[in-house]
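See below for the structure under consideration.
All figures in this text were calculated on a predicted structure; none of them were measured in a lab. Numbers for residues simply follow the sequence, beginning at 1. Atom set for the values below is all heavy atoms of this structure, side chains included, hydrogens, waters and symmetry mates excluded.
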Amino acid sequence: MFNDSRWEMRDYPRLFAASEAEALGITRHYLFRTQRCPIILPGVRMDRETLESRRTPRWADDRWEWDSLRLRAARMKFDQVLADHVTAARIYGWPMPANFRTDPRLSLCTDDLALRVRLPNVTLRRSAQITAARWLDLPVLAPADVFISIAPDLTIRDLVKVGDAAVGRWHGPPQLTVDTLTDRVGQRKRLRARRRLRDAIDLIRPGVDSPTETDLRLWIVSVGLPEPTVHPKTSSDLDRGDIEPDLGYENARLALEYEGDHHRSSPTQWARDIERDEAMRDAGWTVLKVTRRTDYRLFANESVYR
């Protein structure tokens, strides 16, 4: 479920049960009078002087590493729990709204209806409708169920961004398909935000490269303009073959390219962009560049897209 080129081995402090400290040669001095073994969850600590290598996404930040450590710690205490809701979405690498990216809670779920977890900043959802998955050796709720679980808390626009990420290749092969999402929503008899889920699924498109591309596409549709094609193929004489702009209108031979900051900071990317744009113009296409500072209203001339 993961493209090997997208992960690397990183060192993490070893986790251990506090009750096993003495057997591991960790004295009470180290436990209580130094910063060597801080608490991850009550009863579980980490040893900063003993490291373990674990697979980690290349894009993972400190938040991701902290989520993974706490999830592993929770599994040491309750071996039947999975990452749920926002925690699972962050572990999958989905583009969550700012308030969810910084949410300090560890969200867990289980199909053990008798399990109780009472820990600070830890929530547990119990349900018989739990489908387990593993992602980079981490126990996580299956992607379709995570998407359903976060739907009541997200806007349709944010849900579409998440869906575009999950069915795309942002962090390796697609984590699910639109058909899988549709089927899973249809199978659930009692479901919050069913209408919101269906509306979002109707707008999800495979192949989208970033949340900013999703934003631009949704804005275009929202103002009544025709929906652009995601990565329309354009033949060219370049050695790399066909060109696929971010968004485009084949009939109008119009391409929309979103330029993130990395396009300017990377000389290689900058050169490739120039080469691509020249090839598209030679093929008779008009190329419109979009950045985060672009006023989208500049694209509101409907006749351009016909």
Item to check | Side chain proximity check, Asp47 to Arg36, heavy atoms < 4.5 angstrom | outcome: yes
Checklist entry - Can you check whether Asp209's main-chain N or O pairs, donor with acceptor, with Arg169's side chain at less than 3.5 Å? => result no
Item to check | Nearest non-hydrogen partners of Leu119 and Phe78, listed with the distance | outcome: CD1-CE1, 4.0 Å
Next on the checklist: Just verifying a value: how many Å separate Asp282 CG and Met280 CE, rounded to the nearest 0.5 Å?
Outcome noted: 11.0 Å
Next on the checklist: Just checking Gln187: does its CD atom have more than 12 heavy atoms from other residues, nucleotides or ligands closer to it than 6.0 angstrom?
Outcome noted: yes
Item to check | Non-hydrogen side-chain atoms of Arg253 and Thr286 separated by less than 4.5 Å | outcome: no
Next on the checklist: I'd like to know whether CG of Asn99 has more than 12 heavy-atom contacts from other residues, nucleotides or ligands below 6.0 angstrom.
Outcome noted: yes
Checklist entry - Side-chain heavy atoms under 4.5 angstrom apart, residues restricted to Ile, Leu, Val, Met, Phe, Trp, Tyr: same cluster for Leu136 and Met76? => result yes
Checklist entry - Do any N or O atoms from the side chain of Arg205 and from the backbone of Gly168 form a donor-acceptor pair under 3.5 angstrom? => result no
Checklist entry - What pair of heavy atoms forms the shortest contact from Lys161 to Pro95, and how long is it? => result O-CG, 3.7 Å
Next on the checklist: Using the rule side-chain contact (heavy atoms from CB on, under 4.5 Å), only one of Asp112, Leu115, Leu106 pairs with Val81; which is it?
Outcome noted: Leu115
Next on the checklist: Are the side chains of Asp137 and Arg54 in contact, using a 4.5 Å heavy-atom criterion?
Outcome noted: no
Checklist entry - What do the steps show when you test Glu213 against Val290 for side-chain contact (heavy atoms from CB on, under 4.5 Å), and what is the final call? => result CA-CA 9 Å; Glu213 289 180 25; Val290 184; over 6 Å; no
Next on the checklist: Let me confirm one number: the CZ-CH2 distance from Arg6 to Trp170, rounded to the nearest 0.5 Å.
Outcome noted: 12.0 Å
Next on the checklist: Does this structure show an ion pair linking Glu257 with Lys289, if we count only N-O contacts that are shorter than 4.0 Å?
Outcome noted: no
Checklist entry - So Asp111 and Arg126, salt bridge (charged side-chain N to carboxylate O under 4.0 Å, His left out) or not? Walk me through it. => result CA-CA 6 Å; Asp111 59 4; Arg126 298 182 298 275; over 6 Å; no
Checklist outcome for this item: Interatomic distance, CZ@Phe100 vs CZ@Arg105, rounded to 0.5 Å, equals 7.5 Å
Checklist entry - Where do Ala83 and Cys109 come nearest, in terms of heavy atoms and distance? => result O-SG, 4.2 Å
Next on the checklist: Please check if the number of heavy atoms outside Arg63 that lie under 6.0 Å from its CZ is greater than 12.
Outcome noted: yes
Item to check | Single-linkage hydrophobic cluster Leu51~Ile26, side-chain heavy atoms < 4.5 angstrom | outcome: no
Item to check | Cluster check Val122, Leu113: I/L/V/M/F/W/Y, side chain < 4.5 angstrom | outcome: no
Checklist entry - Given Arg188 and Asp145, is the salt bridge (charged side-chain N to carboxylate O under 4.0 Å, His left out) satisfied, shown in steps? => result CA-CA 10 Å; Arg188 299 284 287 271; Asp145 288 344; 3.7 Å; yes
Next on the checklist: Within the 4.5 Å heavy-atom criterion, are Leu69 and Trp64 side-chain neighbours or not?
Outcome noted: no
Checklist entry - Between Glu49 and Arg14, is there a salt bridge with N-O shorter than 4.0 Å? => result no
Item to check | Between Asp84 and Ser107: side-chain donor-acceptor atoms closer than 3.5 Å | outcome: no
Checklist outcome for this item: To the nearest 0.5 Å, atom CD1 of Ile156 lies from atom CG of Asp199 at 4.5 Å
Next on the checklist: Counting only heavy atoms not in Glu22 (residues, nucleotides, ligands), do more than 12 fall under 6.0 Å from its CD?
Outcome noted: no
Checklist outcome for this item: dist Ile220:CD1 -> Leu247:CG (nearest 0.5 Å) comes out at 6.0 Å
Checklist entry - Tell me, do Leu82 and Val140 make a side-chain contact under 4.5 Å, heavy atoms counted? => result no
Next on the checklist: Keeping Arg196 on the side-chain end and Leu154 on the backbone end, is there a donor-acceptor pair under 3.5 Å?
Outcome noted: yes
Checklist entry - Of all heavy-atom pairs between Phe16 and Leu24, which one has the smallest distance, and what is that distance? => result CB-CD1, 3.5 Å
Next on the checklist: Could you check whether any side-chain heavy atom of Trp94 comes within less than 4.5 Å of a side-chain heavy atom of Gln175, counting everything from C-beta outward?
Outcome noted: yes
Checklist outcome for this item: Heavy-atom closest pair (Ala144 atom, Thr180 atom, distance to 0.1 Å) is CB-CG2, 4.3 Å
Checklist entry - How long is the span from the CZ atom in Arg184 to the CD atom in Gln129, to the nearest 0.5 Å? => result 6.5 Å
Checklist entry - Only one of Asp202, Ile201, Thr214 clears side-chain contact (heavy atoms from CB on, under 4.5 Å) with Val160; which? => result Thr214
Item to check | Test log, rule side-chain hydrogen bond (donor to acceptor under 3.5 Å, both in side chains), inputs Ser53 and Tyr12 | outcome: CA-CA 6 Å; Ser53 291; Tyr12 291 79; over 6 Å; no
Item to check | Derivation of the side-chain contact (heavy atoms from CB on, under 4.5 Å) call for His85 and Asp153 | outcome: CA-CA 10 Å; His85 200 253; Asp153 301 313; 2.8 Å; yes
Checklist entry - Using 4.0 Å as the upper bound for N to carboxylate O, is an ion pair formed by Asp246 and Arg217? => result no
Checklist entry - If we only count heavy atoms from C-beta on, is the Val167 to Thr177 side-chain gap below 4.5 Å? => result no
Item to check | For the student: nearest non-hydrogen atoms of Val146 and Ala89, plus distance | outcome: CG1-N, 3.9 Å
Item to check | Audit row: Thr56, Glu8, side-chain hydrogen bond (donor to acceptor under 3.5 Å, both in side chains) steps and yes/no | outcome: CA-CA 5 Å; Thr56 305; Glu8 61 191 7; over 6 Å; no
Checklist entry - Do Glu65 and Asp61 pass the side-chain contact (heavy atoms from CB on, under 4.5 Å) test, and can you show the C-alpha distance, the side-chain angles, and the key distance before you say yes or no? => result CA-CA 6 Å; Glu65 293 184 359; Asp61 56 12; over 6 Å; no
Item to check | Distance-only polar pair, side chains of Asp215 and Thr212, donor-acceptor under 3.5 Å | outcome: no
Item to check | Criterion side-chain hydrogen bond (donor to acceptor under 3.5 Å, both in side chains) on Asp158 and Thr155, from CA distance to verdict | outcome: CA-CA 5 Å; Asp158 286 331; Thr155 65; 3.3 Å; yes
Checklist entry - Are Val44 and Phe32 in one and the same hydrophobic cluster, where Ile, Leu, Val, Met, Phe, Trp and Tyr link if side-chain heavy atoms are under 4.5 Å apart? => result no
Next on the checklist: Please determine whether the number of non-hydrogen atoms from other residues, nucleotides or ligands lying under 6.0 Å from atom CZ of Arg118 exceeds 12.
Outcome noted: no
Next on the checklist: Within the 4.5 Å heavy-atom criterion, are Arg125 and Ile130 side-chain neighbours or not?
Outcome noted: yes
Item to check | Evaluation steps, side-chain contact (heavy atoms from CB on, under 4.5 Å), between Ile150 and Val162 | outcome: CA-CA 10 Å; Ile150 62 178; Val162 168; 4.2 Å; yes
